[in-house]
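Take a look at the structure set out below.
Keep in mind that what you see is a predicted model, and the values were worked out from it rather than measured.
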Amino acid sequence: MVFRSNMSLALEEARQAAARGEVPVGAVVVAPDGTVIAAAGNRTRELNDPTAHAEMLAIREACALLGVERLIGHDLYVTLEPCPMCAGAISNARLRRVYYGAEDRKSGGVAHGARVFSHPQCHHVPEVYDGVSAAEAERLLVDFFAARRDDEP
């Protein structure tokens with residue numbers, strides 16, 4: 001099978017999140033055959049739920065759709081390096097691969113900060129590919145927070 005990135009779909013979810021006033025992060029879950037089965041953007045403010053990160057919502061949606069608790073063989077595309085909470089969910093869901101865009105030096109949980117997948121208590125470590133469409137993902141975040149600062153009194 002030829003590799004096909006689904007980061008453009010995650011970026012679209014991130015743009016939609018920004019339009020709702022959410023931090024622009026998007027995620028998609030892709031089945032082993034390449035079919036996108038779930039997509040989400042951040043909804044923490046809308047749902048008043050600190051766990052409503054794009055990754056968590058996409059994982060929940062995929063599991064509910066398939067009627068399973070583990071997404072063995074599935075891949076996740078996300079526009080920002082997952083935080084420790086999301087990295088833990090990725091491991092628990094047994095996702096095969098994680099592709100992410102922008103680094104998160106402040107709150108990341110994969111290559112920065114907690115480095116969840118490197119911890120000895122991590123039961124499943126997915127393959128990780130970073131920097132996928134990183135410039136575009138980073139630009140969405142920079143522009144979003146710059147606009148927020150400009151709106152402050």
Side-chain angles (χ1 to χ4, degrees), residues 1-47 49-63 65-66 71-118 122 124-150:
M1 185 165 80
V2 175
F3 173 75
R4 179 180 176 274
S5 176
N6 287 284
M7 189 59 79
S8 62
L9 300 172
L11 287 163
E12 181 54 34
E13 290 291 333
R15 286 189 281 278
Q16 290 175 25
R20 294 189 303 271
E22 301 278 358
V23 174
V25 178
V28 296
V29 175
V30 180
D33 68 359
T35 303
V36 174
I37 59 169
N42 276 0
R43 291 185 180 276
T44 59
R45 291 172 184 242
E46 176 185 338
L47 299 176
D49 180 356
T51 70
H53 290 194
E55 303 95 302
M56 300 291 281
L57 296 172
I59 289 168
R60 288 177 190 150
E61 181 182 337
C63 288
L65 177 74
L66 299 172
L71 299 169
I72 296 167
H74 292 69
D75 299 336
L76 177 74
Y77 289 80
V78 60
T79 58
L80 180 65
E81 175 182 349
C83 72
M85 173 184 69
C86 292
I90 289 164
S91 177
N92 286 328
R94 304 298 196 265
L95 284 157
R96 173 178 59 177
R97 295 184 192 110
V98 175
Y99 300 89
Y100 71 84
E103 295 180 334
D104 189 348
R105 292 185 188 104
K106 180 180 175 187
S107 302
V110 177
H112 300 87
R115 297 184 177 150
V116 171
F117 302 141
S118 299
C122 183
H124 170 77
V125 178
E127 294 175 34
V128 176
Y129 300 91
D130 62 350
V132 180
S133 300
E136 188 175 354
E138 190 171 321
R139 176 58 39 211
L140 284 171
L141 290 159
V142 168
D143 291 350
F144 176 82
F145 288 111
R148 285 275 208 255
R149 283 190 294 279
D150 291 345

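The nearest pair of heavy atoms linking A89 to M56 is CB-SD, 3.4 Å. Across S91 and H124, no two heavy atoms sit closer than the pair OG-O, 2.8 Å. Scanning both residues, P82 and A87, for their nearest heavy atoms gives CB-N, 4.1 Å. When every heavy atom of P84 is checked against every heavy atom of A114, the shortest pair comes out as CG-CB, 3.7 Å. Closest approach of A62 to A38, counting heavy atoms only: N-CB, 3.7 Å. Counting all heavy atoms, side chain and backbone alike, G21 lies closest to F144 at O-CZ, 3.8 Å.
With sequence neighbours excluded, the residues that form a side chain to side chain contact (heavy atoms under 4.5 Å, CB included) with C83 are H53, M85, C86. In terms of the side-chain hydrogen bond (donor to acceptor under 3.5 Å, both in side chains) criterion, residue partners of D143 (sequence neighbours excluded) are, by chain and number, R139. Among residues two or more places apart in sequence or in another chain, the side-chain hydrogen bond (donor to acceptor under 3.5 Å, both in side chains) test is passed with T51 by D49, R60. For L9, the side chain to side chain contact (heavy atoms under 4.5 Å, CB included) test picks out N6, V28, V36, with sequence neighbours left out. Under the side chain to side chain contact (heavy atoms under 4.5 Å, CB included) criterion, V125 pairs with F117, C122, not counting sequence neighbours. Residues passing the salt bridge (Lys or Arg N to Asp or Glu O under 4.0 Å) test with E61: none are found, sequence neighbours excluded. Taking A102 as the reference, L80, A137, E138, L141 meet the side chain to side chain contact (heavy atoms under 4.5 Å, CB included) condition, with sequence neighbours excluded. With sequence neighbours excluded, the residues that form a side-chain hydrogen bond (donor to acceptor under 3.5 Å, both in side chains) with R15 are E12, E136. Every residue two or more places apart in sequence or in another chain that forms a ring pair (Phe, Tyr, Trp, His ring centres under 6.0 Å) with Y129 is listed here: Y99.
Under the side chain to side chain donor-acceptor pair (under 3.5 Å) criterion, the residue pairs touching residues 35-44 are E22-T44, D33-T35, R43-E46, with sequence neighbours excluded. Every pair passing salt bridge (Lys or Arg N to Asp or Glu O under 4.0 Å) that includes a residue from residues 72-88 is listed here, sequence neighbours excluded: D75-R96, D75-R97.
Inter-residue side-chain proximity for H74 and I37 is flagged as met; some heavy-atom pair is nearer than 4.5 Å. Annotation: side chain of Y100 is not in contact with side chain of V132 (no heavy-atom distance under 4.5 Å). Within the 4.5 Å cutoff, side-chain heavy atoms of V78 are placed close to those of V25. Contact check for T79 versus L140: no side-chain heavy atoms found under the 4.5 Å cut-off.
Atom CZ of R45 is surrounded by 12 or fewer heavy atoms from other residues, nucleotides or ligands within 6.0 Å.
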List the steps, then state whether side chain to side chain contact (heavy atoms under 4.5 Å, CB included) holds for V110 with V128. CA-CA 9 Å; V110 177; V128 176; 3.9 Å; yes
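Among the candidates L76, L95, I90, V30, the single residue satisfying the side-chain contact (heavy atoms from CB on, under 4.5 Å) test with L71 is L95.
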